[in-house]
Protein chains: 2
Amino acid sequence: MNIDDRKRIILEAVIKDYVKTAEPVGSRAIAKKYNLGVSPATVRNEMADLEEMGFLEQPHTSSGRIPSESGFRYYVDYMMVKDQLTRQEESFLEQILTQKIEDISAVIQRTADILAKFTNYASIMVAPPATTDNLRHIQLVPIGHSQALVIMVSDVGGVVHKRIDLPESIRPEDLEQLSQLFNSNLHGNPKDISRTMLSSLRTELLYRRQVIERALEAIEMAMGGGYQQKVFISGALNIVNQPEFKDFDKLRNLLLVLEEHDLIRNLLSESSLKEVRIKIGNENEAEEIKELSLVFSSYEVEGREKGRIGLIGPVRMEYWKASASVEKVRDIVQDVIKKIN
Amino acid sequence: MNIDDRKRIILEAVIKDYVKTAEPVGSRAIAKKYNLGVSPATVRNEMADLEEMGFLEQPHTSSGRIPSESGFRYYVDYMMVKDQLTRQEESFLEQILTQKIEDISAVIQRTADILAKFTNYASIMVAPPATTDNLRHIQLVPIGHSQALVIMVSDVGGVVHKRIDLPESIRPEDLEQLSQLFNSNLHGNPKDISRTMLSSLRTELLYRRQVIERALEAIEMAMGGGYQQKVFISGALNIVNQPEFKDFDKLRNLLLVLEEHDLIRNLLSESSLKEVRIKIGNENEAEEIKELSLVFSSYEVEGREKGRIGLIGPVRMEYWKASASVEKVRDIVQDVIKKIN
DNA sequence: ATTAGCACTCGACCAAAGAGAGTGCTAACA
DNA sequence: TGTTAGCACTCTCTTTGGTCGAGTGCTAAT
């Protein structure tokens, strides 16, 4: 059976209606609202065909149809036209996202908030690891009796710190001296610090071995991704309003998922994606979100991926708006980060 | 009318039962379960009295009684014996909260998580402002074209950073020099940096005025509490399970409150409290949480308050367990922070 | 290929009925 | 005087049955 134009119109009609109302839609409503010039009976026949093809389904015999997940998939792949944000919307986003930049994580947080408010779904931002590859500054600061803080500043302005233990014999002056040593090495090398350099440093300086070892551990951990990327979520409340979560178990499950940052991080960790990707319901591998959809992308600066950005919502989602919003906001964030840089 | 022993026993029975089941409790159940040696009829009379006194109320004519907020209040004030945590529970808490300490905010986060898991309510931690009063180290790190990061390390090991703009003319070496200047001043003064010192510094060094001004602004902001104390919330999900939130509007409201960190911070900001304080329902001033109860305290180190710790839950709360847990966890956190110090 | 007509299905809504839990009151009792 | 048994009453919750309406599938006519 082939999908002809009329079938497509009907499929689209069912999707749009269902997305809006969350109710099954009937043949009569479609025939009337999208005035196709045919009677409900004809629409019914077509819908029966669409059901056979797997694009629609019936909750019960004799209720209207709702789109199946494959229906959504087909629509998204072959029919959907991404929303065009209006000039106003675009400039609103740009304005609010570029005002007074401080901390990169503040930028990420704000972006998450805005994206959520704008779309009415829950937004997810996976932040750039505080230090990506290059360090700009390292500082050892003594605290307490026999501890020090290793403070690392990345070239993007991210700050990471880690506490390390020290042998009692070390004096503050020694730490200062070590810091300078680290930093002179950083500045000397035009490509900033790199892992190979670290290991040569390590062998060179034996006399402060313990301290250096521990500091290097901290540094390597920071650079090797030992620090997990932080996940920001915003607008969890938006989803509570969706009728599909009137069921308490589902709601609880959803909120649980949103608190599981590890899971979320994995969900979005598809390898390399420049485009906006959409995962509908069961297309997700994690059991916990098989009733939800994801719309996500990654943001990168100078060809290097910095983090992920996405939306999570019910399967009945306005994919056209969601993907347009994700795309636009992603672009803006990229610019903002580039500027910070 | 006076409250005699039997009335108290009955009040306690109603509270314990209601807290457990969330259902009104009847005279028969009480007479039987707490075998008072009197008939339900007698209990009924007593309950009528308690109702008259305002300690109990009836949802509808002829359903069992439930404790009123004043009932809870009376119980909490005059009758409650705080739970004694078992040895096992105590050592469990101690063990899990003292293992490998890194970052202070990691400690706070973990504490919030444990407290929530342990009590099954939502926990709130108001973190110490990253820099309380004393700075241990200041570092200016250049980033990007004409910006620098002011990194401040407090004596507790908290790290705060703020981005400032620079005049183009400043070179990295200048910043390093300034950092050293700041720090030599820090080290020279045994009481670490203080606000008065800051202003003298400011007048002394006119030649790098712009940079210094901005750095000092950042520093003052950090020290003057310009940075708000961070609020950590954990276990919001626990509350979703409580039957009082089967009503969707209430649930939404609750989740909304939990996202309003500013509000939360204020809720706990009662002036100086060493003891665990309990606020029941309408005793709270904020409209939004008049259907919730708070159990909270502050943690301090060496007589100086560092932050707040608390639980938020339904009015029907196990105050005896909640306050015992808050107290114990607060003590542990104080120790941990002292040790970090 | 389309459509009108019709019987049928199924959920939503509503009212009535009955069960169950618990009360308040009265009268009897120790 | 305090306690209790007894009883009528109240109110909620659940079940049941009936009706309504939306929507379908099928068949026969166009």
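Here is the naming used below: chain letters follow the sequence lines, and residue numbers restart at 1 for every chain.
Stacking of A:K16 on the aromatic ring of A:Y34 is not recorded, the 6.0 Å distance cut-off and the 45° axial limit not both being met.
Within residues 23-31 of chain A, the residues approached by DNA chain D to less than 4.0 Å at the level of any non-hydrogen atom are A:G26, A:S27, in residue-number order.
To the nearest angstrom, C1' of D:dC13 lies 14 Å from NZ of B:K246. Residue B:E57 contributes atom CD, which lies 17 Å from atom C1' of C:dG22 at whole-angstrom precision. One can place NZ of A:K7 at 11 Å from P of C:dA1, the figure rounded to the nearest angstrom. As a whole-Å value, the separation of B:I10 CD1 from C:dT23 C1' is 15 Å. Here the C1' atom of nucleotide C:dA1 and the CG atom of A:N2 are 17 Å apart, to the nearest Å. D:dG2 atom P lies 18 Å from atom CG of B:L36, rounded to whole Å. Atoms CG (A:L56) and P (D:dG23) sit 15 Å apart, rounded to a whole Å. The distance between atom CD of B:Q58 and atom C1' of D:dC9, rounded to the nearest whole Å, is 13 Å.
Among all heavy-atom pairs drawn from B:I124 and B:L268, the shortest one is CG2-CD1, 3.8 Å.
Atom CZ of B:R28 has 12 or fewer neighbouring heavy atoms from other residues, nucleotides or ligands inside a 6.0 Å radius.
Residue A:R308 is tested with A:E270, A:R265, A:M125 for a side chain to side chain contact (heavy atoms under 4.5 Å, CB included); the sole match is A:E270. Remark: of the listed residues A:K7, A:R65, A:R8, A:K7 is the sole one forming a salt bridge (Lys or Arg N to Asp or Glu O under 4.0 Å) with A:E46.
Atom CD1 of B:I239 is separated from atom CG of B:L258 by 6.0 Å, given to the nearest 0.5 angstrom. Atom CD1 of A:I280 and atom CZ of A:R73 lie 4.0 Å apart (nearest 0.5 Å).
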Open item on the list: Return a single string for nucleotides 2-16 of chain C, one symbol per nucleotide in 5' to 3' order, where B is base contact, S is sugar-phosphate-only contact and - is none, cutoff 4.0 angstrom on heavy atoms.
Closed with: SBBB---BSS-----
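Aromatic ring centres of A:F248 and B:F248 lie closer together than 6.0 Å.
Contact annotation: B:R65 side-chain N/O to C:dA21 OP1/OP2 distance is not under 4.0 Å.
Between B:F72 and B:Y18, the angle of the ring planes lies from 30° to 60°, which puts this pair in the tilted group.
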